[in-house]
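Here's the structure, in structure tokens; my notes come after.
Order of listing sets the numbers, starting from 1, for every ligand and every atom in it.
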Amino acid sequence: MDHFDIRDGVMHAEGVSLAALAAAVGTPFYCYSSATIRRHYQVFADAVAGLGDGDPLVAFAVKANPNLSVLATLAALGAGADVVSGGELARALAAGIPADRIVFSGVGKQVHELEAGVEAGILQFNVESEAEIDMLGAVAARLGRVVEISIRINPAVDPRTHGKISTGGADAKFGIPWDRVPAAFAQAAAHPGLRPIGLAAHIGSQLFDLGPVEDTIRRLGTLAQEMTAAGHTIKRIDCGGGLGVPYRPDQPLPPSPADYAAMVARVTAGWPWRLMFEPGRMIVGNAGVLVSSVILTKDGASKHFIVVDAAMNDLLRPSLYNAWHDFRALAPRAERRVATIVGPICETGDTFAEDREVEAVGAGDLVAFMTAGAYGATMASTYNSRPLVPEVMVNGDAWAIVSQRNQPAAMLALDARAAWL
Ligand SMILES: *Cc1c(COP(=O)(O)O)cnc(C)c1O
């Protein structure tokens, strides 16, 4: 469910007309609905409340949408954060997410990032390799701190999602193969500054099938029992994120948070450990749209092209994953036609949709790419020297620019002319 509805003939985000926003800030821009973000967080948090030791932690996966106001919206609801870089850690802390609700994941954390996490006093590091155990052990020793870690396992399951967002297969770069967990725990326990207290997994994104997730959580439980028997004190089990969102109205729905929580409840019944969850996409995916204008339409030899002012640098998912984003006119049109929707960038990959039946739009019309709140603005680049687009957040009848459009002059200011030129 989201809060993007047609009112008085034009798409609104909650109480704010997207056409009015377009007039105020120009296109393209991202717009987020804070009511939708709050609702999705609450639905998820309510679904998992009481599981495990009764005090689960929902740590929003910051990489899905790291905007400070998005994080602050979630912080106000008690969310934690799953960060994968020093930059994300800084954003989560700046947004007011307490350090003891922050978990640091990632396959290649650098020493300065490990130090930043240790100094901030975050809840735990999810460690993904034997080498990282020794790196973090050295950092903890140098800083004179004791750090709690979970071992992220590679469960060797097929999450049955798009290959580029599958992270749980045996040959994925993520985690430590599950059969090496006992050795990894022993290695960590030998570091005076490390306490191996948990197990973690995250098998992929846009998951529609709960079976592989269930197998993975069972595996975490079995390993936690084995590590307890081996004399370690297990405190937390991190189930990761990955729940899918509906991008296409004509396709079956992903499992709901209630379906997911029912599965977790069944698998974890009687577990004494604190459970952690790292949802990203399902919290923010449907809470954002990318608003754009049609620059012109043109007819090729056989295709009808709609050329919009947004491009692959603003919303990469269609080029990167062949992802589907619904394309709608802000002012609904009865007439429909088959079109190929492209941006202005000089790449054939700059295509949002190919030969899709959409509302018939023409030059100057305002349009929206739906379900763009996750992995949207955060993947943007300035390719073709296109400025990063602004992000706007709506709250009821109020709105605010929560990330500025950067200007061509600001981009140029980062460059320098070499002394010999
Ligand atoms: C990306 C990621 C998530 C979030 O995945 P979603 O599909 O957005 O829910 C959670 N945990 C880790 C470790 C991740 O890398």
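Counting heavy atoms from C-beta on, the side chains of Phe352 and Val342 never come closer than 4.5 Å. Within the 4.5 Å cutoff, the side chain of Ser34 has no heavy atoms near those of the Trp399 side chain.
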List the steps and the verdict of side chain to side chain contact (heavy atoms under 4.5 Å, CB included) for Met276 and Leu123. CA-CA 11 Å; Met276 298 169 58; Leu123 178 69; 4.1 Å; yes
Kindly indicate, with the supporting measurements, whether the criterion side chain to side chain contact (heavy atoms under 4.5 Å, CB included) is fulfilled by Cys346 and Asn384. CA-CA 8 Å; Cys346 304; Asn384 275 210; 4.0 Å; yes
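When ring centroids are compared, His202 and Phe174 stay outside the 6.0 Å threshold.
The distance from ligand 1 to the heavy atoms of Ser105 drops below 4.0 Å at these ligand atoms: 13 (C). Close contacts between ligand 1 and Arg152 involve ligand atoms 13 (C) [criterion: under 4.0 Å to a heavy atom]. Numbered from 1 in the order shown, with element, the atoms of ligand 1 that lie under 4.0 Å from a heavy atom of Tyr375 read 1 (C), 4 (C), 5 (O), 6 (P), 8 (O). Atoms of ligand 1 lying under 4.0 Å from at least one heavy atom of Glu278, given by number and element, are 3 (C), 4 (C), 9 (O), 10 (C), 11 (N), 12 (C), 13 (C). With ligand atoms numbered from 1 in the order given, ligand 1 contributes 3 (C), 4 (C), 10 (C) to contacts under 4.0 Å with heavy atoms of Ala61. Less than 4.0 angstrom separates some heavy atom of Arg281 from each of these atoms of ligand 1: 6 (P), 8 (O), 9 (O). In summary, the atoms of ligand 1 found under 4.0 Å from a heavy atom of Gly280, numbered by their order in the structure, are 6 (P), 8 (O), 9 (O).
His325 places no side-chain N or O within donor-acceptor distance of the main-chain N or O of Phe369, the cut-off being under 3.5 Å.
Residue Gly242 has at least one N or O atom closer than 3.5 Å to an N or O atom of ligand 1.
When only modelled atom types and interatomic distance are considered, Asn126 and Glu128 share no side-chain donor-acceptor pair under 3.5 Å. Of the N and O atoms on the side chains of Asp309 and Ser292, at least one donor lies less than 3.5 Å from an acceptor on the other residue.
Ligand 1 has Lys63 within reach: a non-hydrogen atom of the residue lies less than 4.0 Å from it. Ligand 1 lies out of reach of Gly240, whose nearest heavy atom is not under 4.0 Å from it.
Using cut-offs of 30° and 60° for the angle between ring planes, the Phe125 and Phe104 rings count as parallel.
Across Ala201, Ser205, Gly285, Ala59, heavy-atom proximity to atom 7 (O) of ligand 1 is greatest for Ser205.
Looking only at protein heavy atoms, the nearest one to atom 5 (O) of ligand 1 is His202 CE1, 3.3 Å.
Of all the heavy atoms of Thr167, none lies under 4.0 Å from any atom of ligand 1, so neither backbone nor side chain is involved.
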